[in-house]
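Inspection log for the structure reproduced underneath, given as structure tokens.
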Amino acid sequence: MHPYDHKRVEKKWQKVWTTTKLYRTSDTLPVTSDKCYVLDMFPYPSGDGLHVGHPKGYIATDVYSRLKKMRGHTILHPMGWDAFGLPAENYAIKNKIHPEVAVKKNIKRFKEQLGLLGFNYDWEREINTTDPAYYKWTQWMFLQMFHIGLAFQSNEPINWCPSCKTGLANEDLEDGACERCGSVVEKKAIPQWVLRITDYADRLLLGLDTLDWPEYIKESQRNWIGRSEGAEIKFKVKSLKLKVEEEIKVFTTRADTLFGATYLVVAPEHPILKKLEALSSNFEEVKGYQNQTRQKTEIERTAEGKEKTGVELKGIKAINPANKEEIPVWVAEYVLADYGTGAIMAVPAHDERDFQFAKKYKLRVREVVARNIGEYTQYLEQQTIAREMDLSKLVSVYEIPPFTGTGQAMWSGQFDGLSSEEAKKKITEFVGGKTLTKYKLRDWVFSRQRYWGEPIPLIHCPKCGVVPVPEKDLPVKLPKVESYEPTGTGESPLAKIDKWVNVKCPKCSGPAKRETNTMPQWAGSCWYYIAYCLRENLKSQKPNSKQFSNLNSQKSKRILKKWLPVDMYVGGAEHATRHLIYARFWHKFLFDIGVVETEEPFQKLQNVGLILASDGRKMSKRFGNVVNPDEIVERFGADSLRVYEMFMGPFNQAVAWNSDSLVGSRRFLERVWKLRERAVKRGAPELSITLSALMHQTIKKVGDDIEGFRFNTAISSLMILLNAFEGEQLISTNTYETLVTLVSPFAPHLSEELWEHLGHKKSIYKESWPTYDERIALSAPITITVQVSGKTRGSFSTTRGKSKEEVKEMALALPAVEKWVTGKVIKTVIVVPDRLINIVVL
RNA sequence: GGGCACGUGGCGGAAUUGGUAUACGCGUACGGCUCAGAACCGUAUCCCGUAAGGGUUGAGAGUUCGAGUCUCUCCGUGCCCACCA
């Protein structure tokens with residue numbers, strides 16, 4: 001037999017797989033088969049091509065789906081391209097190529113590279129988010145949102161990246177900077193299309209409980225959504241000069257501390273400040289403060305040692321509705337304008353931030369929640385005396401840190417003694433506040449002032465207002481232009497293309513203008529897993545057509561019902577609070593309008609751990625530490641690369657690349673190959689009980705481990721089995737075939753070649769996974785460890801199922817054990833069946 | 001500051017979930033094959049000790065017949081969120 005020549009083998013089988021359409025998935029499911037939809041987060045095709053880190057997740061889904069297929073599932077495993085967005089456009093501008101050309105080129109390169117690795121993708125279902133046939137439906141979905149008011153126009157100031165020259169969503173920020181380019185983000189007020197994702201906040205939260213996702217991803221989504229239940233309470237404003245009717249609404253989660261509110265704080269951007277201007281005696285100062293904050297970036301406002309700043313709004317007081325006390329009103333940037341009501345009641349005794357602020361500006365601190373029973377008892381004793389004293393006696397020193405926990409209410413009139421929970425309800429009721437729920441999650445700013453995105457399919461008519469583009473006119477194609485660089489004015493580059501912008505109003509036929517903003521990068525990835533399902537559907541209608549069938553049709557719904565939800569979704573953890581929230585929101589909307597029948601898009605999720613460079617840093621062109629998969633495939637073969645990446649360490653953990661270790665995987669495959677020489681149809685002795693037991697244990701372990709994404713231990717158990725087989729002079733072909741089958745998900749080319757050598761005509765991909773026989777797996781002799789008082793003193797071999805007495809007898813018969821036991825009193829004997837005996841002596 | 005992980009040989013890591021710690025692989029050493037090298041094959045490889053034996057999972061304590069695994073304190077590392085009232 002030939003030596004293992006990976007180049008010949010891999011080329012050969014990749015060709016065969018393509019010509020025989022081995023990996024094509026039909027929408028016609030056999031009735032007896034369970035579907036299994038295995039999905040990779042589709043890549044953004046960058047100009048740099050793949051490095052060895054990229055395919056790790058793809059290898060995993062490939063191995064996983066091959067196992068599923070061999071276990072009788074009908075699998076759907078597609079791939080496509082997320083090609084709209086800033087990176088593509090910035091790359092294009094830098095290299096002076098039109099994004100469309102760049103994307104085409106990059107996709108071609110990516111596809112070639114992926115092709116070298118022997119994946120079982122059904123390429124007939126390939127999709128590309130920049131394909132007008134695709135984004136026609138992205139636009140269609142946007143229009144459905146528009147119709148029911150889920151997409152709305154806003155003029156609120158939004159995050160603006162001065163370098164990318166576009167507005168951004170909250171999710172696009174990292175530490176107050178643009179996630180893409182790192183520039184510090186500013187606030188800018190420009191007309192925006194916004195999606196009301198906050199309407200779905202509760203469902204996004206509740207749905208998490210039904211998902212089989214890593215706990216920390218679910219937890220970060222919970223934090224991102226940031227639900228908090230609280231109360232809205234009104235404070236009347238009193239002017240020293242005039243009689244006024246103004247009031248300030250605050251939001252609090254701790255209404256129980258209302259008696260401890262010693263001042264109010266209003267965000268500098270709060271609209272009420274305009275109304276209060278006339279009443280204030282120091283409004284110039286307040287204006288100065290407002291200007292100061294306006295000029296600061298998000299980073300400056302939140303960083304700089306967290307020193308809080310603010311100014312008092314003099315000339316007015318607010319009245320605490322609980323005790324009618326007059327308290328000062330401050331303007332400070334530590335209160336955020338866009339959360340809650342943009343104003344808070346400050347309770348320095350029970351809030352860290354209020355405390356810091358009060359300390360700096362020497363504001364009063366009043367404790368109204370007892371830390372413990374002792375403190376409460378003490379309060380009761382002092383109460384009578386204290387009541388007759390001035391309230392200022394109750395002001396604490398600033399050295400005692402604030403108590404932010406819950407406890408019994410004190411200094412709170414008739415609410416004294418109530419638990420914080422009860423006090424919240426009762427005090428809210430008492431002051432006529434209303435309970436409500438707020439979220440940290442913000443609505444999704446959906447407009448980008450850039451060229452390379454899906455045009456938003458709306459038309460602005462001076463007579464009719466905003467008019468949706470009629471469905472029959474979709475897609476609104478992105479016009480081909482010479483110059484697509486961002487303008488920086490807050491207008492999209494599309495605005496300059498008169499021919500494209502000026503249209504007839506679909507309603508009144510009068511002159512009108514197109515919306516020139518485009519959709520964000522994330523739009524296309526919100527439904528691509530749906531698009532894969534519908535790909536073949538339309539192909540069968542019109543061969544080679546690039547159209548997708550009507551998403552709203554009965555036929556589409558039938559097919560989606562068949563495939564959704566995605567059973568296994570694999571990708572990087574960096575999408576935890578971006579793509580994974582957006583897509584869940586989008587999917588829930590599609591559920592509401594009846595396109596899909598499941599509430600959630602992705603049932604199971606696994607996170608890929610990064611492959612770092614050998615220097616421990618991220619692989620990046622910038623650091624010059626990138627390893628190119630093409631070279632590894634050339635030298636060692638795709639199968640070796642696949643085995644190595646799965647063997648490196650736990651799948652979801654970051655591991656540094658080590659080219660030296662790779663030879664271990666290569667050796668493993670060579671030895672599997674060479675073992676063929678010892679495999680004979682007739683004349684091999686029967687496998688020993690120990691070996692056949694090991695084989696069946698391995699069958700179980702490899703299957704279980706792949707299902708659980710523990711690829712590293714699956715491979716190590718295959719190595720153990722191989723080592724054991726290598727100790728034999730001859731093995732039967734059947735035994736060898738089992739080994740080859742177990743290896744095949746990891747090394748499909750090699751296995752396919754060996755399978756053919758063994759005389760099979762059918763692809764190994766179509767074989768079934770070996771059956772595990774528990775009786776055989778448990779039939780091998782076992783070793784029982786003998787401990788004396790917890791110290792291991794020996795071991796003996798026996799069969800399973802021995803009774804406690806039998807085990808004890810055998811253990812005591814061992815000379816090594818006898819030595820430690822004679823002359824001692826046996827206190828107890830602990831037996832772990834089939835594993836261990838511990839003889840405890842005095 | 002908050003939340004979540006985690007800490008095992010020279011290195012990547014395993015440990016049936018409380019039951020023989022260091023599986024599997026890399027590396028290293030010696031030997032074989034070779035004119036020589038690469039590749040390959042074999043043997044060895046946590047520490048102390050000739051041995052019997054003893055010690056060892058970041059440090060210390062606790063629970064237990066028994067702890068890498070559970071609890072507490074400390075030290076260290078990584079990731080995520082970060083003025084959300």
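Letters A, B, ... are given to chains in the order of the sequence lines, protein chains preceding strands, and every chain is numbered from 1.
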So what does [X] touch, heavy atoms closer than 4.0 Å: a base, only the sugar-phosphate, or nothing?
X	value
A/Thr713	sugar-phosphate
A/Asp338	nothing
A/Arg793	sugar-phosphate
A/Val832	base
A/Lys438	nothing
A/Val335	base
A/Arg666	nothing
A/Gln653	sugar-phosphate

Would you kindly give the [atom1]-to-[atom2] distance between [X] and [N], to the nearest whole Å?
X	N	atom1	atom2	value
A/Ile837	B/U20	CD1	C1'	14 Å
A/Ile581	B/C80	CD1	P	16 Å
A/Trp224	B/C4	CH2	C1'	17 Å
A/Asn658	B/G10	CG	C1'	13 Å
A/Phe251	B/C83	CZ	P	17 Å
A/Asn223	B/G3	CG	P	11 Å
A/Ile782	B/U16	CD1	C1'	13 Å
A/Tyr216	B/C80	OH	P	9 Å

Mark yes or no: [X] above the aromatic ring of [Y], with NZ or CZ under 6.0 Å from the six-membered ring centre and no more than 45 degrees from the axis.
X	Y	value
A/Arg617	A/Phe623	yes
A/Lys56	A/Phe651	yes
A/Lys308	A/Phe357	no

Spacing of the [atom1] atoms in [M] and [N] (rounded, Å):
N	M	atom1	result
B/C26	B/A39	P	12 Å
B/G78	B/G12	P	15 Å
B/A38	B/G19	C1'	46 Å
B/C81	B/A29	C1'	50 Å
B/C75	B/G58	C1'	7 Å
B/G27	B/U16	P	28 Å
B/G18	B/A85	P	38 Å
B/G49	B/A15	P	33 Å

Taking [X] for its side chain and [Y] for its backbone only, find out whether a donor-acceptor pair lies under 3.5 Å.
X	Y	value
A/Arg442	A/Lys440	yes
A/Asn838	A/Val831	no
A/Glu645	A/Arg642	no
A/Ser789	A/Val841	yes

### Residues A/Arg775 and A/His696: side-chain donor-acceptor under 3.5 angstrom
no

### Message
If we count only N and O atoms by modelled type, under 3.5 Å, do the side chains of A/Asp705 and A/Thr713 hold a donor and an acceptor together?
### Response
yes

### Task
Take A/Tyr200 and A/Trp444 through the test ring-ring contact (aromatic ring centres under 6.0 Å, His included) and record every step on the way to the result.
CA-CA 12 Å; A/Tyr200 284 73; A/Trp444 180 4; over 10 Å; no

Which nucleotide, if any, forms a Watson-Crick or G-U wobble pair with [N], using both distances under 3.5 Å?
N	value
B/G12	B/C24
B/U71	B/A61
B/G66	none
B/A52	none
B/U77	B/A5
B/C40	B/G32

Nearest to the [X] side chain among [options], which nucleotide is it?
X	options	answer
A/Glu333	B/U20, B/A85, B/C83	B/C83
A/Trp820	B/C81, B/C26, B/G53	B/G53
A/Lys819	B/A14, B/G53, B/G25	B/G53
A/Lys308	B/A14, B/C83, B/A85	B/C83
A/Leu336	B/G13, B/G25, B/A85	B/A85
A/Asn712	B/U20, B/A14, B/U16	B/A14
A/Phe647	B/G27, B/G12, B/G53	B/G12
A/Pro650	B/A82, B/G13, B/A21	B/G13
A/Ser716	B/G53, B/C24, B/U20	B/C24
A/Ile344	B/A85, B/G19, B/C24	B/A85

### Query
Looking at the angle O4'-C1'-N9-C4 for a purine or O4'-C1'-N1-C2 for a pyrimidine, is B/U17 syn or anti, with syn meaning within 90° of 0?
syn

### Message
Just confirming the chi classification of B/G9, syn or anti, using 90° around 0 as the syn window.
### Response
syn

Does [N] have OP1 or OP2 under 4.0 Å away from a side-chain N or O of [X]?
X	N	answer
A/Ser228	B/A85	yes
A/Arg222	B/C81	no
A/Arg667	B/G25	no

### Message
I need a per-nucleotide contact map over nucleotides 65-70 of chain B, read 5' to 3'. Cutoff is protein heavy atoms under 4.0 Å; write B for the base, S for backbone only, - otherwise.
### Response
B-----

### Task
Show the numbers, then the answer: is there a ring-ring contact (aromatic ring centres under 6.0 Å, His included) between A/Phe709 and A/Phe711?
CA-CA 5 Å; A/Phe709 272 56; A/Phe711 305 107; 4.9 Å; yes

### Of A/Arg667, A/Arg671, A/Arg678, the residue whose pairing with A/Glu726 passes salt bridge (charged side-chain N to carboxylate O under 4.0 Å, His left out)
A/Arg671

### Summary
Closest to the 5' end of RNA chain B, once A/Ala816 and A/Gly340 are matched to their nearest nucleotides, is A/Ala816

### Query
Taking N and O atoms by type only, does the side chain of A/Arg835 place a donor or acceptor under 3.5 Å from a partner on the base of B/U16?
yes

